[in-house]
Protein chains: 2
Amino acid sequence: MKKAATIRDVAAQAGVSVSVVSRVLNDTGPVAPAKRAQVLEAIEALNYRPRRAAQQLSHGQSDTIGLLLADLTNPFFARLADRVVAEARSRELQILLMTTQEDPHLEAQALETLLDRSVGGMIGTPTGHNIERWEKLASLDIPVVFVDRSISQFQHMDVVSIENIESAATATRHLLARGHRRIGIISGPLDTTTGLDRVRGYEQALQEYGLARDDRLVCPAPFRGDRGATAMAQMLSLADPPTGVIVANTAQVRVTLRMLSQARVSIPDDLSVVVFDDNPWTELIQPPLTAVRQPIDMLALHSVELIHARMRQKLPPTPRHVRVAAEFEERASTSRVDPDDG
Amino acid sequence: MKKAATIRDVAAQAGVSVSVVSRVLNDTGPVAPAKRAQVLEAIEALNYRPRRAAQQLSHGQSDTIGLLLADLTNPFFARLADRVVAEARSRELQILLMTTQEDPHLEAQALETLLDRSVGGMIGTPTGHNIERWEKLASLDIPVVFVDRSISQFQHMDVVSIENIESAATATRHLLARGHRRIGIISGPLDTTTGLDRVRGYEQALQEYGLARDDRLVCPAPFRGDRGATAMAQMLSLADPPTGVIVANTAQVRVTLRMLSQARVSIPDDLSVVVFDDNPWTELIQPPLTAVRQPIDMLALHSVELIHARMRQKLPPTPRHVRVAAEFEERASTSRVDPDDG
DNA sequence: TTGTATGCGTTATCAT
DNA sequence: ATGATAACGCATACAA
């Protein structure tokens with residue numbers, strides 16, 4: 001096994017100079033048809049492929065985008081990754097995958113790694129704990145796009161998310177319209193937009209019905225662990241438990257449902273449930289769950305498109321916030337209730 | 001925004017030569033304590049990080065491993081990716097993610113991309129249709145490890161998989177022991193090891209009971225689409241339908257279950273079901289499914305370990321086949337049946 | 001239209 | 001212990 005061919009080998013084989021080879025390769029500049037043929041032939045014969053590392057070093061740009069997600073165990077992020085990979089491919093971009101497991105320490109480590117400029121841009125879901133490192137990345141001219149969630153401190157950065165406030169309000173109104181007056185919500189951490197905005201939308205809908213928020217029914221849970229399940233249990237043990245609940249923390253949906261199942265809470269008879277999720281497996285669950293479906297392909301599309309544009313500096317430096325609408329899908333986990341019972 | 005610091009800038013700032021900086025960076029060769037301090041200080045001050053591309057070009061090796069999976073929509077692959085990323089991180093390896101969507105064309109495209117030596121090794125699930133390209137990769141001295149599945153043509157390459165034959169035999173014996181005599185199996189394509197070996201294990205168990213294989217009960221389905229569902233429907237419409245079925249194609253589990261649900265086939269009363277899967281969502285399904293649980297963390301661990309060793313040429317060139325045991329988990333989707341009914 | 005020469009940032013060799 | 005300097009493979013400005 002002899003060592004791989006370089007551009008010089010090709011040039012020699014074709015009897016031309018390296019510039020000519022480079023030109024036919026990148027279609028940059030003129031080249032005589034005859035020579036072009038020779039070059040192509042040589043490339044084929046030598047099985048030549050330009051080395052990414054060399055190209056990158058030469059013109060100082062990386063066509064790799066770092067994708068820093070929370071955790072691929074969550075089908076939401078897994079599907080997001082799937083679509084991001086697809087969108088990236090159609091633009092000839094590579095995806096360097098990393099996960100934080102919602103652990104700030106791992107996130108820090110990942111960001112630290114990327115400081116070597118191995119990526120030309122970043123798409124990520126921040127844990128909320130490494131503000132300065134994200135900033136440092138950006139200050140190194142590595143564009144960053146947050147997807148799904150953001151952090152209040154990052155107002156000046158690009159974000160692609162669903163319409164969280166509106167989606168939560170819709171879910172809440174759905175229950176309100178069916179007579180529910182005591183509605184619980186299990187949200188994400190309030191320092192993330194997915195946590196805060198969904199609670200906001202929830203409160204907004206309550207206000208429309210002249211209802212005040214009951215703090216015992218608003219339970220922010222971390223994205224990690226099964227705090228959502230214990231929060232659910234606590235709500236159910238109240239003297240006046242909720243008749244409906246919105247699980248607005250995608251990462252807590254599964255554990256919450258498992259807890260309800262184990263506690264033999266009947267859905268929707270004992271409790272109406274709306275979830276933020278669009279896991280294809282939910283359709284196999286009994287009863288099928290009423291859900292806010294996140295348009296994952298749109299999130300992926302816009303994230304990649306945005307980061308791609310930034311990488312090519314095709315955009316004015318003003319921060320963008322792309323919000324895509326989510327669909328509300330009524331299924332069988334929510335039922336009507338007598339408002340006076342609440 | 002001034003341009004990022006290079007090793008030369010650091011050297012200048014510290015009043016030393018680049019060699020000294022390189023030595024403190026890589027701990028290769030001696031350096032006076034005093035100068036070392038200056039260098040460290042300069043690095044800190046200039047916020048310097050060595051560029052990956054330059055390092056890579058210099059010593060011609062990539063610490064990135066390509067991960068080519070079928071599809072992250074399948075929780076099995078998603079979890080596998082999650083664990084591979086984790087294992088890679090602990091070894092300071094990066095993961096370049098690509099998907100085939102089980103499409104040979106996309107697989108070809110992905111492999112073609114990797115010919116640029118941007119990765120130092122590959123972990124993947126082959127579709128079965130790009131033999132020569134996989135070979136070419138390997139001939140370029142880019143080590144390849146197949147995970148989960150392999151192809152019969154690839155006997156000479158590294159593989160990490162579960163004990164497919166044994167696992168399928170166990171599943172089959174489980175049903176046989178409960179009186180089932182007509183047992184169907186929905187497998188993967190027979191040109192993949194996951195397809196062929198599982199059918200082999202199934203047949204082996206049947207033979208132990210003196211049973212002959214009925215071709216109508218053996219249904220290989222592609223990993224893509226919902227052929228598993230139609231195969232299931234066909235089996236059920238036989239004059240003598242199976243009383244038990246093994247869904248040995250992970251990618252077909254969901255669609256098959258959906259079909260059964262829609263057809264109002266009661267599990268396990270009308271049909272006993274064993275699935276190859278270890279999706280955490282299955283526990284929410286009624287009834288909980290008897291399953292062959294694949295030890296995903298072990299698959300990831302061995303894959304990364306193996307490719308890492310290959311990348312460092314720490315291994316004799318003989319191909320390795322790491323097989324890890326799968327657990328059989330009996331739950332509620334299989335029941336006893338009177339053998340005479342079959 | 002083609003070729004030469006230089007730079008990209010790092011590592012490694014080899015004098016000093 | 002330290003510092004020039006030559007690779008590494010490619011792109012490109014500039015000369016021919």
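Predicted, not measured: the structure shown is a model, and the values here were computed from it. What's counted below: heavy atoms across the whole structure, side chains too, no hydrogens, waters or symmetry copies. Letters go in sequence order (proteins before strands), and every chain restarts at 1.
The closest donor-acceptor contact from the side chain of B:Ser303 to the backbone of B:Leu299 lies under 3.5 Å. Side-chain atoms of A:Arg89 come within 3.5 Å of backbone atoms of B:Thr99 as a donor-acceptor pair (strictly under, hydrogens ignored). The closest donor-acceptor contact from the side chain of A:Arg52 to the backbone of B:Arg117 lies at 3.5 Å or more, if one exists at all.
One finds no salt bridge joining B:Arg224 and B:Asp71 here, because no Lys/Arg side-chain nitrogen approaches an Asp/Glu carboxylate oxygen to under 4.0 Å.
Between the P atom of D:dA1 and the CG atom of B:Asp27 lies a distance of 13 Å, rounded to the nearest Å. Going from atom CG of B:Asp116 over to atom P of D:dC10 covers 10 Å, rounded to whole Å.
In the region residues 34-44 of chain A, proximity to DNA chain C at under 4.0 angstrom, judged on heavy atoms, holds for A:Lys35.
In this structure the side chain of B:Leu114 reaches within 4.5 angstrom of the side chain of B:Met98, judged on heavy atoms.
A donor and an acceptor atom, one from each side chain of A:Asp191 and A:Gln153, are nowhere located under 3.5 Å apart.
Taken from CD1 in B:Ile307 to CE in B:Met311, the straight-line distance is 7.0 Å, to the nearest 0.5 Å.
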- Where protein sits on nucleotides 4-16 of chain C, one letter per nucleotide: B base, S sugar-phosphate only, - none, heavy atoms under 4.0 Å: BB-BBBBBB----

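When each of B:Glu107, B:Gln109, B:Glu135, B:His105 is tested with B:Asn130 by the rule side chain to side chain donor-acceptor pair (under 3.5 Å), just one qualifies, namely B:Glu107.
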